[in-house]
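All values derive from a computational prediction rather than experimental measurement. Numbers restart at 1 for each chain; the letters A, B, ... are given by sequence-line order, proteins then strands. Atom set for the values below is all heavy atoms of this structure, side chains included, hydrogens, waters and symmetry mates excluded.
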Amino acid sequence: MNDPLIIAGKSYSSRLLVGTGKYKDFAETRAALDASGAEIVTVAIRRTNLGQNANEPNLLDAVPPSQFTYLPNTAGCYSADDAVRTLRLARELLDGHSLVKLEVLGDPQSLYPNVIETIAAAKTLVADGFQVMVYTSDDPIVAKQLEDIGCVAIMPLASLIGSGMGILNPWNLQLVMERVSVPVIVDAGVGTASDAAIAMELGCDGVLMNTAIAAAQNPVLMASAMKQGVAAGRAAYLAGRMPKKLYSASPSSPTSGMIGKS
Amino acid sequence: MITIHINGEPRQLEHAISVAELIAAMNLTGKRIALERNGDIVPRSTFSSQTLADGDKLEIVVAVGGG
């Protein structure tokens with residue numbers, strides 16, 4: 001079935017986006033990425049280690065930008081200014097690549113987004129030519145404002161970053177989806193494959209995760225499970241589920257032809 | 001002698017050298033890096049033409065694993 005995810009005019013066949021952090025080594029990162037089928041992968045931008053061995057392994061060798069769509073993030077930024085600076089460095093680092101993940105955090109305990117700083121950064125970045133996929137709360141009004149600013153995807157949390165708590169408020173996700181027309185991608189909170197499936201069954205356009213795969217006992221197997229969870233949830237959404245009702249007077253087997261009837 | 005800051009750490013230089021010369025001294029030539037000088041991006045194409053000055057604050061970054 002041809003059912004592409006379209007972000008900023010570009011088609012992707014995978015609706016699973018994954019992070020590249022927290023893996024044991026780059027080999028495991030690459031194996032998990034391959035098992036997930038993800039095409040879009042997030043990366044962080046950090047100061048280079050000044051004393052580093054120039055030949056030490058590099059993420060870009062294990063995960064070549066020629067084979068994946070890089071999504072540089074602003075993880076760890078607590079102000080709009082820091083986020084904008086980080087993504088300008090990312091664009092220079094990645095030869096003008098403009099598709100980015102904006103996240104501006106509110107506090108280091110919860111990693112909950114600071115939507116005021118996020119909105120300020122989004123305005124600056126969109127005006128500067130970036131294609132902004134934005135991590136935000138599941139507030140539908142903020143989501144609509146971010147779309148109006150020009151963000152190319154709205155990425156609400158399902159629960160807190162790294163918590164693995166799953167989809168805590170499906171109703172708010174539905175409110176977000178009703179209000180915005182750009183893709184809605186659940187970013188943060190997924191813990192296992194059923195969480196990813198639930199997000200997709202709700203009608204989300206994709207799911208972005210890192211810890212759920214990297215912190216699994218077997219990350220590569222979990223990456224494969226997530227791929228299947230996202231695909232199953234998407235298919236169920238497109239198929240259209242039966243309505244829920246407390247009980248049914250319509251059994252699945254025929255009511256006629258029962259033995260012993262006179 | 002001039003003093004610059006690279007990623008928050010002070011570094012003394014005998015004289016004002018170019019960004020490209022600094023990158024070479026740090027064994028970063030050809031590496032996938034991006035550089036910011038006093039808050040502004042320094043395009044790779046201008047590494048040779050920009051000369052460092054006393055008090056410059058540089059940020060040199062790379063891509064790392066992240067979510």
J.: Heavy atoms, side chains only, cut-off 4.5 Å: are B:Val64 and A:Val43 in contact?
T.: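 No, too far: nothing below the 4.5 Å cut-off.
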
J.: Please state whether the side chain, the backbone, both or neither of A:Asp95 comes within less than 4.5 Å of a heavy atom of chain B.
T.: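 When you check distances to chain B, atoms from both the backbone and side chain of A:Asp95 fall under 4.5 Å.
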
J.: What do the steps show when you test B:Val61 against A:Thr48 for side chain to side chain contact (heavy atoms under 4.5 Å, CB included), and what is the final call?
T.: CA-CA 5 Å; B:Val61 300; A:Thr48 187; over 6 Å; no

J.: Closest heavy-atom contact between B:Ala63 and A:Leu59?
T.: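 The answer is O-CB, 4.1 Å.
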
J.: Could you grab the distance from atom CD of B:Glu59 to atom CZ of A:Arg46, nearest 0.5 Å is fine?
T.: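 One gets 11.5 Å once the value is rounded to the nearest 0.5 Å.
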
J.: Within the distance-only criterion (no hydrogens, no angle test), does the side chain of A:Thr20 pair as donor or acceptor with the backbone N or O of B:Gly66 below 3.5 angstrom?
T.: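 Checked: pair present.
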
J.: How long is the gap from CD1 on B:Ile33 to CZ on A:Arg47, to the nearest 0.5 Å?
T.: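 So the CD1 of B:Ile33 and the CZ of A:Arg47 are separated by 14.5 Å.
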
J.: Counting heavy-atom pairs closer than 4.5 Å to chain B, which one of A:Ile45, A:Leu89, A:Asn73 comes out on top?
T.: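 The candidate making the most pairs under 4.5 Å is A:Leu89.
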
J.: Taking B:Arg32 for its side chain and A:Leu93 for its backbone only, find out whether a donor-acceptor pair lies under 3.5 Å.
T.: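 Yes; judged by distance alone, with no hydrogens or angles, the pair exists.
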
J.: Below 4.5 Å from any heavy atom of chain B, which atoms of A:Lys22 appear? Answer side chain, backbone, both or neither.
T.: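 A:Lys22 has no heavy atom closer than 4.5 Å to chain B.
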
J.: Considering all heavy atoms of both residues, which atom of B:Gly65 and which atom of A:Ala44 are nearest to each other, and what is their separation?
T.: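 Scanning both residues, the minimum pair turns out to be O-CB, 4.0 Å.
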
J.: Check for a donor-acceptor pair, side chain of B:Arg44 on one end and backbone N or O of A:Glu92 on the other, with a separation under 3.5 Å.
T.: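 Yes; at least one donor-acceptor contact below 3.5 Å.
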
J.: Among B:Pro43, B:Ala34, B:Gly39, who wins on heavy-atom pairs under 4.5 Å with chain A?
T.: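 The option with the most such pairs is B:Ala34.
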
J.: For B:Ile60, which atoms come within 4.5 Å of any heavy atom of chain A: side chain, backbone, both, or neither?
T.: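 Backbone plus side chain of B:Ile60, per the 4.5 Å heavy-atom cut-off to chain A.
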
J.: Looking at B:Asn7 and A:Leu50, would you say the former's side chain and the latter's main chain have a donor-acceptor pair under 3.5 Å?
T.: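 No: the side chain of B:Asn7 does not pair with the backbone of A:Leu50.
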
J.: Check whether B:Leu35 gets within reach of chain A through its side chain, its backbone, both or neither, counting any heavy atom under 4.5 Å.
T.: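 Backbone of B:Leu35 only, per the 4.5 Å heavy-atom cut-off to chain A.
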
J.: Please determine, among A:Leu71, A:Leu60, A:Ile161, the option with the most heavy-atom pairs under 4.5 Å with chain B.
T.: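 The option with the most such pairs is A:Leu60.
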
